[in-house]
Amino acid sequence: MTKLDHAFAQIDGTDVDPDADFSLPGWIYRDQEFFDLEMERIFRPSWQIVCHVSELAQPGEYRTIDYLGESVVVIRGDDGAVRAFTNVCRHRAMRLVEGPSGCTKKLVCPYHAWVYETDGRLTGVPMKSEYPALKPEENGLVPVELEVWRGFVFVRLEDAGFPTVAEMMAPFEEEIAPYRFEEMERMDEVRLRPRGVNWKNVGDNYSDNLHIPVSHDGLTRLLGKTYRIEPFGWADRLHGDVVDDERQNIWEKFYRRHMPRMAHLPEEAHKRWLYYKLWPNMAFDIYADQIDFMQWLPISPTECLLREVAYCLPDKYTPEGKARELKLVRYANWRINRVVNKEDTWLIERVQQGMASKSYGVGPLAASETCLRSFARKIRALIPEAREPFPPAPGWSKRA
């Protein structure tokens, strides 16, 4: 059994985790050596969401994502296929495109004007005869693995055996199908929000159920005591149902009373706020009126970047005479979640401050903290030093 096979056996539950009742240790939320191993063992082999295929409607349309020192461009080819490449010219490593999106007939390097087709082939080199070692057929753009799941486009830099997005989401296909992800359209541009916290801090908070009645008054008024969480292998399912509560503020009441009946959704979906957290750093927030994706990209041991955008179905799905009401419901959704996001930011920043204390090792986990247990199990399996409550001596990662 290889080291990776052994790690997956621990993740899948065939091996007992002796530390299951404890949180991950504080030092791995600030340690550079641990962070570097995470980038190698967790992030380079993991899928990252880029966009929706509706944002690549025409040949030459592209979207980019930057992470781990890499820039990846996803582009619709002249043949209609969607492909991903590193955003790097094969001549002198110049970036080919700037910004989050665009449309082009060819990818032309702004440094020396090398020309690439939308399928990655190198077809133009000024003064080509001056390059004795150049073989154009061997110097096309470097491809990046790509997966399209229900219309959303994901990429990964390496394959280390982690499941596909389709495999992670397989337990939920029946529940997701009515929302018609494939037909979604972007509501606005991608929002980027820097956070001065370790990436795991964001994900831990997303999966944490116990803080909601303590720290989110509005969300508690909206969902009452209906909020539930459950891990499913490589993805977590979280959900709550909107309840009748006269303590709700104006936007909470408006959302509850005015959500139109959408013919494509089952009745129970109209009041359900549904969330899926995918390994290791992505989430879908699913509502009857819209869906969002969010990912938290690592920048340093104590910094990450939130990347998020909202989608909705085309106008043809809006009930007749309900367009204005649905627009206001979406605004109410935003007002409610703006408060939740502000509260969560305050929480995770102070947890990060606490993680800096040398007094903190690990904390006990409640039996109900099932998603935190599932995530911690994966981290400990992939980087066993996460079992140490306090940091090993510097240089430990090289010895490991």
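Just so you know, residue 1 is the first one in the sequence shown, and it goes up from there. These figures come from a predicted structure and were not determined experimentally.
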- Item | ring pair (Phe, Tyr, Trp, His ring centres under 6.0 Å) evaluation trace for Trp149 with Phe181 | CA-CA 9 Å; Trp149 173 79; Phe181 278 24; 5.8 Å; yes
- After noting the C-alpha distance and the side-chain angles of Glu145 and Asp159, does the key distance pass the side chain to side chain contact (heavy atoms under 4.5 Å, CB included) rule? CA-CA 8 Å; Glu145 190 175 4; Asp159 181 1; 4.0 Å; yes
- May I have the step-by-step check of side chain to side chain contact (heavy atoms under 4.5 Å, CB included) for Phe35 and Arg30, ending in yes or no? CA-CA 8 Å; Phe35 179 83; Arg30 62 178 192 268; over 6 Å; no
- Verdict with reasoning, Tyr311 to Glu55, per side-chain hydrogen bond (donor to acceptor under 3.5 Å, both in side chains): CA-CA 11 Å; Tyr311 295 84; Glu55 300 166 69; 2.6 Å; yes
- Go through Tyr67 and Phe43 one step at a time and tell me if the ring pair (Phe, Tyr, Trp, His ring centres under 6.0 Å) criterion holds. CA-CA 9 Å; Tyr67 69 111; Phe43 274 90; 7.7 Å; no
- Task: Walk me through it: do Val115 and Val125 pass the test side chain to side chain contact (heavy atoms under 4.5 Å, CB included)?
- Result: CA-CA 7 Å; Val115 179; Val125 178; over 6 Å; no
- Assess whether ring pair (Phe, Tyr, Trp, His ring centres under 6.0 Å) is satisfied between Tyr331 and Trp251, documenting all intermediate values. CA-CA 9 Å; Tyr331 180 71; Trp251 296 113; 5.0 Å; yes
- Message: Pair Tyr29, Trp199 - check ring pair (Phe, Tyr, Trp, His ring centres under 6.0 Å), show working.
- Response: CA-CA 8 Å; Tyr29 290 72; Trp199 70 274; 8.6 Å; no
- Could you give me the CA-CA distance, side-chain angles and deciding distance for Arg90 and Glu138, then say whether salt bridge (Lys or Arg N to Asp or Glu O under 4.0 Å) is met? CA-CA 10 Å; Arg90 297 297 301 277; Glu138 296 178 3; over 6 Å; no
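Nearest heavy atoms, Glu183 versus Pro314: O-CD, 3.3 Å. Contact between Val309 and Asp188 at its shortest, heavy atoms only, is CG2-O, 3.2 Å. Scanning all heavy atoms of the two residues, the minimum distance from Pro384 to Arg41 falls at CD-NH1, 4.1 Å. Here the closest heavy-atom approach between residue Arg76 and residue Leu56 is recorded as NE-O, 2.6 Å. In terms of heavy atoms, Ile49 sits closest to Arg307 at O-NH1, 3.0 Å. A pairwise comparison of heavy atoms in Ala366 and Leu210 identifies CB-CD1, 4.2 Å as the closest pair.
Here the rule is side-chain contact (heavy atoms from CB on, under 4.5 Å) with Arg380, and of Arg387, Glu385, Glu388 only Arg387 fits it. Tested against Arg121 for a side-chain hydrogen bond (donor to acceptor under 3.5 Å, both in side chains), the candidates Thr118, Thr123, Asp119 yield a single pass: Asp119.
No hydrogens or angles considered: a donor-acceptor pair under 3.5 Å links the side chains of Asn337 and Asn333. For the 3.5 Å distance criterion, the side chains of Arg330 and Tyr287 fail to qualify, holding no donor opposite an acceptor. With hydrogens and angles left out, the side-chain atoms of Gln290 and Asp292 include a donor and acceptor closer than 3.5 Å. Tyr255 and Asp289 share a donor-acceptor pair across their side chains, judged by distance under 3.5 Å alone. Side-chain contact, Gln248 with Asp245: no donor N or O sits under 3.5 Å from an acceptor N or O. A side-chain N or O of Asp285 and one of Tyr206 form a donor-acceptor pair less than 3.5 Å apart. Between the side chains of Asn198 and Thr302, not a single donor N or O lies within less than 3.5 Å of an accepting N or O.
Within a 6.0 Å radius of OH in Tyr360, more than 12 heavy atoms belonging to other residues, nucleotides or ligands are found. No more than 12 heavy atoms of other residues, nucleotides or ligands sit less than 6.0 Å from atom NZ of Lys322. More than 12 heavy atoms of other residues, nucleotides or ligands lie within 6.0 Å of CG in Asp79, so this atom counts as buried by the packing criterion. More than 12 non-hydrogen atoms from other residues, nucleotides or ligands lie less than 6.0 angstrom from CZ of Arg261. Heavy-atom neighbours of Glu174 CD from other residues, nucleotides or ligands within 6.0 Å: at or below the threshold of 12.
Residues Arg272 and Asp241 are paired through a salt bridge, judged by an N-O separation under 4.0 Å between the basic side chain and the carboxylate. Salt-bridge formation is detected for the pair Glu246/Lys253: a Lys NZ or Arg NE/NH1/NH2 atom is positioned less than 4.0 Å from an Asp or Glu carboxylate oxygen. Salt bridge Arg195/Glu303: absent, no basic N to carboxylate O contact under 4.0 Å. Taking a cutoff of 4.0 Å between a charged side-chain nitrogen and a carboxylate oxygen, Lys105 and Asp78 do not qualify as a salt bridge. Ionic pairing of Glu308 and Arg191 is present here: one or more N-O contacts between side-chain nitrogen and carboxylate oxygen are shorter than 4.0 angstrom. Using a cutoff of 4.0 Å between basic side-chain nitrogens and carboxylate oxygens, Glu173 and Arg150 are scored as salt-bridged.
Atom CG of Asn281 and atom CG of Leu297 lie 6.0 Å apart (nearest 0.5 Å). In this structure, the separation between CG on Leu347 and NZ on Lys342 is 12.5 Å, given to the nearest 0.5 Å. Distance check, rounded to the nearest 0.5 Å: OH of Tyr227 to CD1 of Ile229 gives 7.5 Å. Atoms NZ and CD, on Lys128 and Glu130 in that order, are 13.5 Å from each other to the nearest 0.5 Å. In this structure, the separation between CG on Leu37 and CD1 on Ile379 is 11.0 Å, given to the nearest 0.5 Å. One distance of note links CD of Glu38 with CZ of Arg44; it measures 15.0 Å at 0.5 Å rounding.
Hydrophobic clustering, with ILVMFWY side chains joined whenever heavy atoms are under 4.5 angstrom apart, keeps Val362 apart from Met355.
By the 30° and 60° cut-offs, the orientation of the rings of Phe375 relative to Trp279 is tilted. Using cut-offs of 30° and 60° for the angle between ring planes, the Tyr116 and Trp114 rings count as tilted. By the 30° and 60° cut-offs, the orientation of the rings of Trp396 relative to Trp27 is perpendicular.
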What donor-acceptor contacts under 3.5 angstrom involve side-chain atoms of residues 91-101, with partners at least two apart or in another chain?
{"from": "His91", "atom 1": "ND1", "to": "His112", "atom 2": "ND1", "distance (Å)": "3.2"}
{"from": "Arg95", "atom 1": "NH1", "to": "Asp66", "atom 2": "OD2", "distance (Å)": "3.2"}
{"from": "Ser101", "atom 1": "OG", "to": "Arg63", "atom 2": "NH1", "distance (Å)": "3.3"}

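Cation-pi geometry between Lys200 and Trp296 is not satisfied (NZ or CZ under 6.0 Å from the ring centre, within 45° of the ring normal).
Between Tyr317 and His264, a ring centre-to-centre spacing shorter than 6.0 Å is recorded.
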